[in-house]
Engineer: 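Structure below; questions to follow.
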There are 2 protein chains.
Amino acid sequence: MKKDSAVELSGVKEIARRANVSIGTVDRVIHNRSGVSEKTKQIIQDIIKELDYQPNIMARRLASNKVLNFAVLIPAVSDETEFWAAPLNGIEQAENEIRQYGIKVEKYYFDLNDKQSFVNLTKQILKTAIDGVLLAPSFIDESLAFTKQCDQLKIPYVLINSDLPKQDSLCYIGPELFHSGYLSAHLANYAIKDNGKVLIINISREIDNHHHLLRKEEGFRAYFDDHDKKLTIVKDDIRQTDYASVASSLKELLKAHTDAEAIFVTNSRVVSVARYLQESDHQKVLLIGYDYLKDNLAYLKDGLIDFLICQKPQEQGYKGIMALYQNLVLKVDVEKNYFMPIDIITKENYQFYRN
Amino acid sequence: MKKDSAVELSGVKEIARRANVSIGTVDRVIHNRSGVSEKTKQIIQDIIKELDYQPNIMARRLASNKVLNFAVLIPAVSDETEFWAAPLNGIEQAENEIRQYGIKVEKYYFDLNDKQSFVNLTKQILKTAIDGVLLAPSFIDESLAFTKQCDQLKIPYVLINSDLPKQDSLCYIGPELFHSGYLSAHLANYAIKDNGKVLIINISREIDNHHHLLRKEEGFRAYFDDHDKKLTIVKDDIRQTDYASVASSLKELLKAHTDAEAIFVTNSRVVSVARYLQESDHQKVLLIGYDYLKDNLAYLKDGLIDFLICQKPQEQGYKGIMALYQNLVLKVDVEKNYFMPIDIITKENYQFYRN
DNA sequence: CTGAAAGCGCTTACAG
DNA sequence: CTGAAAGCGCTTACAG
């Protein structure tokens, strides 16, 4: 009723007409299903190429009433791991956008302090029928075991926030850590005189497991090497993360180095340093740390923290889900490595920041 | 064949069944079309609410074979206005994503140096049948005349990159200029000693028309006021934008102020300042300017420019089209003011920057 | 190996 | 004011 015959057709119908076959057969070759003679297959493929046929995704999703299941495995959000609220947020945003297209997202939260919880969840996930996985590979060996199984089952997976060495992931979406340290050094450098002094502080119970902290430190140091800057770098590892312990470590450290002009904290625990500086009424020193978290922002506003480095945690979650969607539904290629921008947050721009 | 009767229905069919009407009638009340008795309308609306019915957008777009036409009116890209390549890029990206859903985007490019070209294009646009407009309102009065007509025709429009005073736009997507100047001052401040000196340089043929440059300047000055910083601020307006003219202006300026520790250039012409500093072999001075442009990046890499402020021009274009799409197709509300983040680009992070 | 038919969840004329 | 039917561009059994 709508189309008069003068209107040019397109889509499977037109292909079928030209090839003198039914649309069912066209569908078969489009999806590379078996049961088509080589000859008709060739004819149809030629026509598809000639017409530059683009399937209508909406119609496809509508007709194939299939739902796709994505599993998400990320750390649970807690006071200590507030960071993970942001990726989760992005994941849920993506979920809302593509629910329309028949995507279901099942979320699994592991305890960052409990390897076993991670392992248990991977087992649970593998028991269900899933089409794709979004993974934060916090525990390296355990993650490798999991991704290996995904490989075998031909389930694509996306890594966020930290990478796994040479895995066959669909893609990695997250920071390039070395450069964030390098950038921090540039910023710190504005406050450091020649022959001045800077402190690097790692605050983590698992400094040795958490190689990502070390990558930032390397980047930080590299900057000064590259620029032949003469300065003293003092590094301190603090392995007790409760505030009281951190404070007492800092007390000693700062007493020994009253001349430090800048402090670089390699993660979001910069908040403890800021708090200590405030409470001890320490003289102003340039302070750089990580992550757009509520407590950090408070000290940023107060001027105790000068710069926060942030790498769009929410977008990591969002992009992660969308990468699966693009690959599985739209059948398009996705970038193998999507490095997040290294954002500099200050008192003046934090209110406009978008995670 | 697919659904056995045990399966719960949903959608218009189920609503129709419950209301004891046909799906045609349900469709009428969903779209608020006339020709339904108050009584059945009420019944149907109640059921919709009860079921929390969410229409299937895919099915809707597929069935209603209607195309929506968006018009885009932005400056043409030229050597002088390379900036606009980025928004255009974002617009085209959005276009590709929503073409599927029957959206057509028609682009109109005006000459930033020619008001009349802008006016002519607005006339041309209004002659065609359009459902939404994306506008860069570079010429204020002319833009106001255009948006007024859009209001009358009930055509929603989105503003990008600069705003119009109290207009009934669907939304504004772009920078908040005052704060970008304010932030620049914070960065500059690291290089400025007490009682030091900083230069503000406006380079534009139309400084007075381009109030946005002045907003940045205000923000820049405000920072020092707010922080009771004692310093000398020297401001220079350069109205000849070719390099030779800028260079001769700078020569005088820098001779008179050899003690300047920082320079703030209120737009992307920071490139000319960087070039002059390099060519004249001027001593190192902290230089801040605007925009992620090829030439700027070259000087950033060389260390002549310290910071570039950038506000995601590509995303402005992308979000602008998507705002129209969300409003017109998905019928969801969009944020009235979407201020872009104020990004700080340095030598160390530019390679990870996403426009 | 191939085709005809029903269906996905909507919208659009048309008829009454 | 309302309903029945055709159609959007695909996919999915089923039949042969």
Side-chain angles (χ1 to χ4, degrees), chain A residues 1-5 7-45 48 51 53-68 99-103 329-331, chain B residues 1-5 7-45 48 51 53-68 99-103 329-331:
Chain A
M1 202 112 300
K2 282 200 209 133
K3 304 233 170 212
D4 53 338
S5 53
V7 168
E8 56 188 281
L9 291 178
S10 65
V12 284
K13 239 182 215 164
E14 172 65 3
I15 298 171
R17 195 186 62 75
R18 294 200 189 199
N20 236 307
V21 297
S22 74
I23 58 171
T25 301
V26 172
D27 194 64
R28 282 181 194 100
V29 351
I30 285 174
H31 293 285
N32 245 311
R33 276 192 278 271
S34 59
V36 185
S37 74
E38 261 312 313
K39 199 178 140 208
T40 54
K41 185 173 176 182
Q42 197 52 56
I43 294 175
I44 292 174
Q45 283 177 332
I48 287 178
L51 259 43
Y53 166 69
Q54 304 293 353
N56 182 319
I57 306 291
M58 294 186 302
R60 180 178 280 180
R61 294 298 308 164
L62 190 61
S64 111
N65 230 349
K66 195 168 31 173
V67 320
L68 288 179
R99 192 197 321 279
Q100 289 280 355
Y101 310 117
I103 313 290
V329 177
L330 306 185
K331 314 278 188 198
Chain B
M1 201 113 296
K2 283 197 208 136
K3 304 234 168 209
D4 53 338
S5 52
V7 167
E8 57 187 281
L9 291 178
S10 63
V12 284
K13 241 182 215 162
E14 173 64 3
I15 298 170
R17 195 186 62 76
R18 294 201 189 197
N20 236 306
V21 296
S22 74
I23 57 171
T25 302
V26 172
D27 194 64
R28 283 181 193 100
V29 351
I30 286 175
H31 292 287
N32 245 311
R33 276 192 278 271
S34 60
V36 185
S37 75
E38 262 312 314
K39 199 178 141 206
T40 53
K41 185 174 174 180
Q42 196 53 56
I43 295 175
I44 292 174
Q45 283 178 332
I48 287 179
L51 258 44
Y53 166 69
Q54 304 291 354
N56 183 317
I57 306 290
M58 294 187 301
R60 179 178 281 181
R61 295 296 309 162
L62 190 61
S64 110
N65 231 348
K66 193 170 30 173
V67 320
L68 288 178
R99 192 197 321 279
Q100 289 280 352
Y101 310 118
I103 313 291
V329 178
L330 307 183
K331 314 276 187 200

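Order of the sequence lines sets the chain letters (A, B, ...), proteins ahead of strands, with each chain counted from 1. As a basis for the values below, the full set of heavy atoms in this structure was taken, side chains included, without hydrogen atoms, waters or symmetry mates.
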Engineer: Please state whether the phosphate of D:dG3, meaning OP1 or OP2, lies under 4.0 angstrom from any side-chain nitrogen or oxygen of B:T25.
Structural biologist: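 So the side-chain polar atoms of B:T25 do come within 4.0 Å of the phosphate oxygens OP1 or OP2 of D:dG3, strictly under.
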Engineer: Mind calculating the distance between OH (A:Y53) and P (D:dG9) to the nearest angstrom?
Structural biologist: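 The answer, rounded to whole Å, is 10 Å.
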Engineer: Where the side chain of A:V21 is concerned, which of C:dG3, C:dC10, D:dG3 is the nearest nucleotide?
Structural biologist: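 Of all the options, the side chain of A:V21 is nearest to C:dG3.
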Engineer: Expressed as a whole number of angstroms, how long is the span from B:N65:CG to D:dC10:C1'?
Structural biologist: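 In whole Å, D:dC10 C1' and B:N65 CG are 13 Å from each other.
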Engineer: Under 4.0 Å, heavy atoms only, any strand: does B:I57 hit a base, just the sugar-phosphate, or nothing?
Structural biologist: nothing
Engineer: Let me know, please, whether A:G24 or B:I30 comes out on the 5' side of the other along DNA chain C by nearest nucleotide.
Structural biologist: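 Here A:G24 is the residue nearer the 5' end.
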Engineer: Return the nucleotide paired to C:dC1: Watson-Crick means purine N1 to pyrimidine N3 with N6-O4 or O6-N4, wobble means G-U with N1-O2 and O6-N3, both under 3.5 Å.
Structural biologist: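 WC or wobble partner is D:dG16.
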Engineer: Return the value, rounded to whole Å, for the distance between atom CG of A:L51 and atom P of D:dC10.
Structural biologist: 11 Å
Engineer: Report the distance from atom CD of A:E14 to atom C1' of D:dC8, rounded to the nearest whole Å.
Structural biologist: 16 Å
Engineer: Expressed in angstrom and rounded to an integer, what is the separation of A:K41 atom NZ from C:dC1 atom P?
Structural biologist: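 Value for this atom pair: 10 Å.
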Engineer: Does any donor-acceptor pair link the side chain of B:R61 with the base of D:dG9 at a separation under 3.5 Å?
Structural biologist: no
Engineer: Does B:S64 have a side-chain nitrogen or oxygen under 4.0 Å from the phosphate oxygens OP1 or OP2 of D:dC8?
Structural biologist: no
Engineer: If you apply the rule side chain to side chain contact (heavy atoms under 4.5 Å, CB included), what do you find for A:L62 with B:N56, and how did you get there?
Structural biologist: CA-CA 9 Å; A:L62 190 61; B:N56 183 317; 3.9 Å; yes
Engineer: To the nearest Å, give me how far apart OH (A:Y101) and C1' (C:dG9) are.
Structural biologist: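 Rounding to the nearest Å, OH of A:Y101 and C1' of C:dG9 are 14 Å apart.
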Engineer: Quickly work out the A:R28 CZ to D:dC14 C1' distance and round it to whole Å.
Structural biologist: 11 Å
Engineer: OP1 or OP2 of C:dC8 less than 4.0 angstrom from a side-chain nitrogen or oxygen of B:K13, does that happen here?
Structural biologist: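 Checking B:K13 against C:dC8: at least one side-chain N or O falls below 4.0 Å of OP1 or OP2.
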Engineer: Quick check: on DNA chain D, is the nucleotide nearest A:I23 upstream (toward 5') of the one nearest B:T40, or the reverse? Name the residue that is more 5'.
Structural biologist: B:T40
Engineer: Give the intermediate values and the outcome of side chain to side chain contact (heavy atoms under 4.5 Å, CB included) for residues A:V12 and A:Y53.
Structural biologist: CA-CA 8 Å; A:V12 284; A:Y53 166 69; 3.9 Å; yes
Engineer: Closer to the 5' end of DNA chain D via nearest nucleotide, is it A:H31 or B:E38?
Structural biologist: B:E38
Engineer: Starting from C1' on C:dG7, measure out to CG on B:N56 and report it in whole angstrom.
Structural biologist: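 B:N56 atom CG is separated from C:dG7 atom C1' by 14 Å.
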Engineer: Looking at every heavy atom in both B:P55 and B:R60, which two are closest together, and how far apart are they?
Structural biologist: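 Heavy-atom minimum between the residues: CB-NH2, 3.2 Å.
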Engineer: With side chain to side chain contact (heavy atoms under 4.5 Å, CB included) as the criterion, how do B:T40 and B:Q45 come out once you've worked through the C-alpha distance, each side chain's angles and the decisive distance to 0.1 Å?
Structural biologist: CA-CA 8 Å; B:T40 53; B:Q45 283 178 332; over 6 Å; no
Engineer: Categorize B:S34 for me: base, sugar-phosphate, or nothing, with a 4.0 angstrom heavy-atom threshold over every strand shown.
Structural biologist: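 No contact.
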Engineer: Tell me whether the side-chain N/O atoms of B:S37 come closer than 4.0 Å to OP1 or OP2 in D:dC1.
Structural biologist: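 For D:dC1, OP1/OP2 do not have a side-chain N/O of B:S37 under 4.0 Å.
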Engineer: Take B:V29 and B:I48 through the side chain to side chain contact (heavy atoms under 4.5 Å, CB included) test and state the conclusion after the steps.
Structural biologist: CA-CA 10 Å; B:V29 351; B:I48 287 179; 4.3 Å; yes
